[in-house]
Protein chains: 2
Amino acid sequence: MRALADSIGVDRATISRALSTDKAHLVAPATRDLIRAAAAAAGYRADLMAATLRRGRSDTVGILVSDMMNEVLVRVMREIVTDLNRDQTRGQELTPLIAETGDGSGHIGHFLRTFLSRRVDAIICLSATEDDAEALQAAAREVPVVLAVRSISAIDLPSATCDDGAGGALVARHFLAHHHRVVCQIQGPQTATTFRNRAAGFSVVCREAGVRELSIGTSARAAISSEGRAVAEAILATPDRPTAVFAHNDSMALGFIEAMRHQGLAYPDDIAIVGFNNTELSRVLARPMSTVEYPVAKVSGHAADLVRALIKNREFSWESKSFDPQLVDRGTGVKRPA
Amino acid sequence: MRALADSIGVDRATISRALSTDKAHLVAPATRDLIRAAAAAAGYRADLMAATLRRGRSDTVGILVSDMMNEVLVRVMREIVTDLNRDQTRGQELTPLIAETGDGSGHIGHFLRTFLSRRVDAIICLSATEDDAEALQAAAREVPVVLAVRSISAIDLPSATCDDGAGGALVARHFLAHHHRVVCQIQGPQTATTFRNRAAGFSVVCREAGVRELSIGTSARAAISSEGRAVAEAILATPDRPTAVFAHNDSMALGFIEAMRHQGLAYPDDIAIVGFNNTELSRVLARPMSTVEYPVAKVSGHAADLVRALIKNREFSWESKSFDPQLVDRGTGVKRPA
DNA sequence: TTGAAAGCGCTAACAT
DNA sequence: ATGTTAGCGCTTTCAA
C-alpha cells in the first residue's frame with residue numbers, strides 16, 4: 001500500500017478511501033479512477049487482517065455444524081453462506097469460518113474460543129444441543145449468536161427452525177387418515193429439541209385420536225441408520241407390532257427398512273414407514289419413501305437475516321421463527337388390508 | 001492484555017511469552033503459572049488478528065471445494081481439517097477457511113482473492129479443473145497451493161490423489177474376469193483429470209484384451225445422477241447394447257439404474273454395472289452395488305502433510321502421490337448366462 | 001478533497 | 001528472566 005501511495009504520489013489514507021465502497025465518494029473521481037487502475041495493475045490486495053485490527057470488525061461469521069455429512073445441515077449451511085456472501089448492502093461480504101463439531105462431544109467450547117479469538121462478527125450454530133447451552137450463552141455475551149435448525153430451550157437466543165412439532169403431527173395425521181391404530185416412533189436423541197418436538201407433535205395427535213402409540217422406551221443415540229436399525233429391532237421384537245412407524249429422519253428410516261428386510265418383512269407393504277427430511281436417500285430407494293420435507297430455504301434465509309441485522313445493530317429486536325414442513329407422500333405410509 | 005499486564009505488574013511482552021507454546025520456556029515457571037492463572041480468570045483471549053498482523057502468519061488454511069454434497073470431497077475435507085487441527089508440533093493448530101466454489105464456474109478466482117486477503121498460510125484445492133489452472137498458478141506464487149483429489153495436468157503443483165487410472169483398470173479387469181465382451185462407460189466431465197484417468201485406465205485394459213468398448217461419444221456435463229441417466233438413455237438406445245457398464249461415480253451409476261428400471265430392465269441382472277467411490281448410496285440400494293473404494297484417508301493424510309511441510313518451509317521438495325483404490329465386489333458386475 | 005498523525009493488539013529484536 | 005521499543009498494514013479522526 002505504501003509502495004502504491006508513493007508511486008502515485010498520494011497519501012495512504014486516500015488509497016484506503018478510494019478502494020473502499022462506503023468512503024469512495026469522498027475522493028475526487030479522477031484520483032479515484034487513477035488509484036483503482038494503479039491498484040489493479042499492481043495486483044494490490046488489501047490486508048484484511050490489518051483492516052480488522054483497526055476497525056474492530058472482521059466481516060467474518062463463525063458457523064458451527066455438527067455433521068458435514070448431514071444433508072439438511074449442509075444444505076442449510078450452504079444457503080446461509082451463499083446468502084451472506086451475496087450481501088452487497090455495504091459492499092461487504094461476510095466470509096464464513098466453518099467448524100465441524102461432532103455431535104454432543106462438548107468440543108463446541110473449543111471452536112467458540114477459536115472463533116472469538118479470530119474476532120468473528122457473529123456466530124451461527126446449526127444443530128446445537130442442550131449440552132451446548134452454557135458455552136453458547138457465554139459466547140453470546142461477546143457477539144451475536146444465532147441458532148439455526150435446532151434451538152435450545154434453556155436459553156433465549158434468536159433462531160431459525162423448522163416447526164418440528166407440526167412435522168410430527170403431519171405424520172400422525174397421515175397415519176390416522178390411513179386408519180392405522182397402532183403406531184410407533186423411532187426417536188432421535190432427545191437432547192436435541194428437533195427430535196423432542198417431532199416426538200411430542202406426533203404423540204399429541206395420536207393421544208387425541210385415541211390411537212395406540214407403542215413406547216419402546218428408548219431413542220437412538222445418534223440419528224443415523226445403524227442406530228435406527230437397533231431401535232427397529234427392538235420394535236420388531238415387541239409382541240404387538242405397530243402397523244406404522246414414524247422415523248425422526250430418513251437415515252433412521254433406512255435402518256428400519258434394513259431391519260424389516262432382515263426379518264423377511266416386505267417394505268413398504270408389511271409395516272408402513274414415514275421418514276423426515278426428504279433427503280436424496282429417500283428418493284433413490286428402489287421404492288421411494290414418504291417423508292417430511294424440511295423448509296431449508298426459509299430456515300437459511302431467516303438465519304442469514306438475523307445475523308446481518310444483529311451485526312448491524314446488536315440491540316436489534318429479533319424474532320425467532322419456525323417454518324412449516326410439508327409431507328411428501330410417496331405411498332409408504334398407507335395401510336394394507338390385512 | 002494491557003489490563004492483565006497492569007494487574008499482575010508485568011510487561012505485555014512477558015504475557016505474550018507466557019501464553020505462547022514455543023516461547024513459554026523463556027519465562028520463569030512461577031511467573032508463567034501466575035500469568036496463566038490470571039489470564040484464565042480474566043477470560044483473556046488473544047486477538048489472533050493482531051498476532052497475524054505482527055507475525056505475518058495467520059495459522060489459517062484456505063480450502064476450496066466444488067460441492068459440499070459430494071461425499072468423497074466432504075470426507076477428504078473433514079479428514080484434512082481434523083488432521084490440521086490436531087497439529088501440535090508447534091502447538092499451533094491451523095484453522096480452515098472453507099469455500100464452496102461450484103463446479104467449473106470460474107468463481108474460483110474470487111475465493112482465492114478472499115483467501116489471500118485474509119492471509120492464509122496455504123491453500124488446498126479439492127476438485128480443481130483444468131479451467132482453474134491459471135488462477136491457482138497465480139495464487140501459488142504467493143502461498144503454497146496443494147491439490148487434493150484432482151490434480152491438474154497443465155501445472156505442476158504438489159498433489160494428493162487417487163490413482164484413478166488404476167481404478168478404471170480394476171473395473172475393466174473385473175468385467176474381463178466375468179467374460180463381458182461388449183462394455184461401455186458413463187464418463188464424468190472430461191475437464192477433470194479424475195474422470196479422464198478413469199476413462200483411460202478402463203479403455204487401455206479393454207483394448208489390450210480385445211474387448212469391444214462402445215463409444216457413445218458423450219460424457220456427463222456433471223457427475224450427478226440426472227446426467228448419468230441422460231447418458232444411460234443414450235447407451236440403452238444404441239443397437240448393440242453393452243453387457244456391462246462402468247460409471248465414473250456412484251451417482252451416475254444410480255442414474256443408469258433408474259434408466260434401466262424405466263425401460264423395464266432388471267438391475268443388476270440385465271446389464272452389469274459398477275460405480276466408483278463406495279458412497280453410502282451404493283450400499284443402501286435394495287441391491288447394493290459393486291463400486292471402487294476411494295482411498296480417502298491416504299489422500300487426506302498426504303494433503304495435510306504437504307501443507308504442513310510447505311508452510312514450515314516453502315522450499316520443501318515435495319512429492320505428489322497417488323494412492324490405489326480398491327474394488328468392492330457386491331456382485332453387480334457379474335455376467336448372467338444369456 | 002487530501003494529508004498528517006495516531007493507534008488497533010500483538011510479538012520480535014534488542015537491551016538490561 | 002524480563003522490560004523497552006518499534007512496527008506489522010490498515011482506517012480514522014482532525015486539520016488544512
(request) Specify the separation, in whole Å, of atom CD1 of B:Ile35 and atom C1' of D:dA1. (result) 11 Å
(message) Has A:Ser58 got a side-chain atom pairing as donor or acceptor with A:Arg119's backbone, closer than 3.5 angstrom?
(response) yes
(message) Applying a 4.0 Å non-hydrogen cut-off, can you work out what B:Thr31 is touching in the nucleic acid: base, sugar-phosphate, or nothing?
(response) sugar-phosphate
(message) Looking at every heavy atom in both B:Ser66 and B:Ser127, which two are closest together, and how far apart are they?
(response) OG-OG, 3.0 Å
(message) Would the distance check show the side chain of A:Glu100 and the main-chain N or O of A:Met68 forming a donor-acceptor pair, the cut-off being under 3.5 Å?
(response) yes
(message) Main chain of B:Ala3, side chain of B:Asp6: is a donor-acceptor contact present, judged purely on distance under 3.5 Å?
(response) no
(request) Calculate the interatomic distance between B:Ile8 atom CD1 and D:dG3 atom C1'; express it in whole Å. (result) 15 Å
(request) Write down the atom of A:Gly62, the atom of A:Val120, and the distance for their closest heavy-atom approach. (result) N-CG1, 3.7 Å
(request) Specify the angle, to 10°, made by the local axes at the two ends of the helix from C:dT1-D:dA16 to C:dT16-D:dA1 when five pairs are taken at each end. (result) 30°
(message) I'd like to know whether CZ of A:Arg314 has more than 12 heavy-atom contacts from other residues, nucleotides or ligands below 6.0 angstrom.
(response) yes
(request) Check whether any side-chain nitrogen or oxygen of B:Ser20 sits under 4.0 Å from OP1 or OP2 of C:dT11, and answer yes or no. (result) no
(message) Generate the contact string for nucleotides 7-14 of chain D. Rules: B means base contact, S means sugar-phosphate contact only, - means no protein heavy atom under 4.0 Å.
(response) BBBBBBB-
(request) Kindly say whether B:Val61 contributes a backbone atom to a donor-acceptor pair with the side chain of B:Asp121 at under 3.5 angstrom? (result) no
(request) Could you walk me through whether B:Arg36 and B:Asp33 pass salt bridge (charged side-chain N to carboxylate O under 4.0 Å, His left out), step by step? (result) CA-CA 5 Å; B:Arg36 293 200 168 170; B:Asp33 294 345; 5.9 Å; no
